[in-house]
Amino acid sequence: MEGPLDHPLNIAVPASYNDQQEGVNFRDHYGFVFYQRELEVPKVLQEQRLVLRFGAVTHGAQVYLNGHRVAQHQGGFLPFEVEITEVLRPGKNRLTVSVDNRVSQKTLPVGSDSGGNMLGGLLPEIPGIQLPPQNYPNFDFFNYAGITRPVKLYTTPRDYIEDVTLVSRVEGNRAVVSYRVDTMGQGEVRLLIRDEEGKEVAQAVGDKGEFVISPVHLWQPLAGYLYTARVEFGEDCYEQTFGVRTVEVRGIEFLINGKPFYFKGFGRHEDSPFHGRGIDEVLHVKDLSLLCWLGANSFRTSHYPHAEEMMELCDREGIVVIDETPAVGVHANFGAMATGTPQDTFSVLQVKEPHEEVIRDMIARDKNHPCVVLWSLANESDTTTFPEKSVAYYKPLYDLAKALDPEKRPVTIVGVQNEYQKDLTLPLMDVICLNRYYGWYLYGGNFDAAKQASKMELDYWSTLGKPVMLTEYGADTVAGLHLATPTMFTEEYQVEFYAAVHEVVDQYPGFVGEQLWNFADFATIQGIMRVDGNKKGIFTRDRRPKMAAHALRERWRKIPNFYYKSSKAVKKEKLDE
Ligand code: GCB
């Protein structure tokens, strides 16, 4: 790790490396890669505390400075940082990062390191032929890897602010905000709160306490409003934005600022040509612009926490976010890990510790974002093979999320299509989130059957008296493929598919949202289930609308953000322009 790399290639950071160079071995490389660059810090900064921060490295990282390991981190979608003040040399330093893209039965997301593929099953050996390494994702998105989010070197004084937490409650037309500032070293904490116009609205002194904003301007869906807390501590200073809004589940309703909210949107992947899963801030802006064009108001960060730059943008724009951990593929009877014999997912997989860790880290990173209204503990876990074992696994995680979130937001788990009557885990959650493919994987081509099956399921879930929503439903659709009689994979079929589902869900008062699958086409592993990736996007991968996007726009622009399911709907709220 001390010397320069042999035969290095030029790779841009931040981005996934997979699509930056040609060749199957490069794209599908499995195991470690090494990044290296020189680092020199100007003398003037060397009196400060120097911190190297990685927005995300997928999935495992070891960081070396001049050959000494200074940090290691497992988990590809959340930040980590290391102080390098003491190890940095004057002049040039060599920074090396090893990146490990392997996924296994001990990682999140989960992979199969013992064989199998997307369709399940081991490949028979062929003498003289090297089969690809047996490392398969147990999830349906390409296992992009690399240093995918920004790497920053920042400085603080020796006594510094470590963390800021702000939680507000609304009392009439004022907000009471309780705050906590964690610091290292000696000094007094001072806060100055400004509104969006830069006007000072409150002040506070001390490392914890309360301040009042009166009158308060609420953060609203599609009308984000942010206050800025300028925190001073000795010579250190940090500006933390926050919004004031309430979130609550009451009976069958999901309330934002006390009013029943209706989710309109989709699951979104961080995925684009060339960048792979690497951050693309132009795309962030573009995707939110398309979201607004559609008349949508929300998305889920399927299936991992998205870049913090995106979360900040959602705060500003008022986009409502379901924030999901990378716990995808926690299912030993499904996808790459299926063997045919029912397995106990929670003893086959050893992911409890990483699961607790990502919940902790995700909430630590995102707790101050007003855009986050619901935490998703996992996507499509095995909740029904051994229902009690699933409860024993997820109930403590639910409690952990509640304990860690200073705002105590609602918590959910996104449920897979299964024998739902057996499921004991989903009913424990605050919101019932369902991924359902009636009319695609089940009853494909038969909308009557699909509608009937959906009704039976919604009748069942309605008895719980909790809000229910779809977090996935969709149909693979090849852009440009048309037929007058809708047939699977055509654009016409995708339009009819959504119309059929909507006809059903509109009948249920406790149905609080529709997030379809997926916002845009995205890359996956190769296999006979996928034609150049997953094509369930309502936009193509380069963000061209399919027919369904126009049809959804028609629908969503008529559905108000609030009171859609209540009799007061149209009277209370003007329809979206
Ligand atoms: C699902 C998964 C999602 C897949 C989708 C599909 O249920 O949650 O990751 O991409 O189905 O298209 O099959």
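Remember, it's 1-based here, ligands and their atoms both numbered in the order they're listed. Bear in mind the structure is a predicted one, so any value in this text is a computation, not a measurement.
- The shortest contact between atom 2 (C) of ligand 1 and any protein heavy atom is with E472 OE1, 3.2 Å.
- Heavy atoms of F522 come nearer than 4.0 angstrom to ligand 1 in at least one pair.
- In W440, neither the side chain nor the backbone holds a heavy atom less than 4.0 Å from any atom of ligand 1.
- Between the choices M529, H303, K536, the shortest heavy-atom distance to atom 12 (O) of ligand 1 belongs to K536.
- For atom 4 (C) of ligand 1, the closest non-hydrogen atom on the protein side is D140 OD2, 3.2 Å.
- Under the 6.0 Å cut-off for aromatic ring centres, Y144 and Y17 do not qualify, their centroids lying 6.0 Å or more apart.
- Both tests do not hold together for K565 against F511: distance to the six-membered ring centre under 6.0 Å, angle to the ring axis within 45°.
- Residue-level proximity to ligand 1 for N379 is carried by the side chain, the only part with a heavy atom below 4.0 angstrom.
- Looking at T148 and E270, their side chains never come closer than 4.5 Å, going by heavy atoms from C-beta outward.
- Among all protein heavy atoms, the one lying closest to atom 7 (O) of ligand 1 is E380 OE2, 2.4 Å.
- In R530, the part holding a heavy atom less than 4.0 Å from any atom of ligand 1 is the side chain.
- For Y441, every heavy-atom contact with ligand 1 shorter than 4.0 Å involves the side chain, none the backbone.
- Side-chain contact annotation: Q105 with S112, donor-acceptor N/O pair under 3.5 Å absent.
- Residue-level proximity to ligand 1 for Y437 is carried by the side chain, the only part with a heavy atom below 4.0 angstrom.
- Note that K389 lies in the cation-pi zone of F386, set by a 6.0 Å cut-off to the ring centre and a 45° limit from the axis.
- Contacts of N534 with ligand 1, taken as heavy-atom pairs under 4.0 Å, involve the side chain alone.
- Here the two rings, on W556 and H502, have centers that are 6.0 Å apart or farther.
- If you look at F489 and W440, their ring centroids are closer than 6.0 Å.
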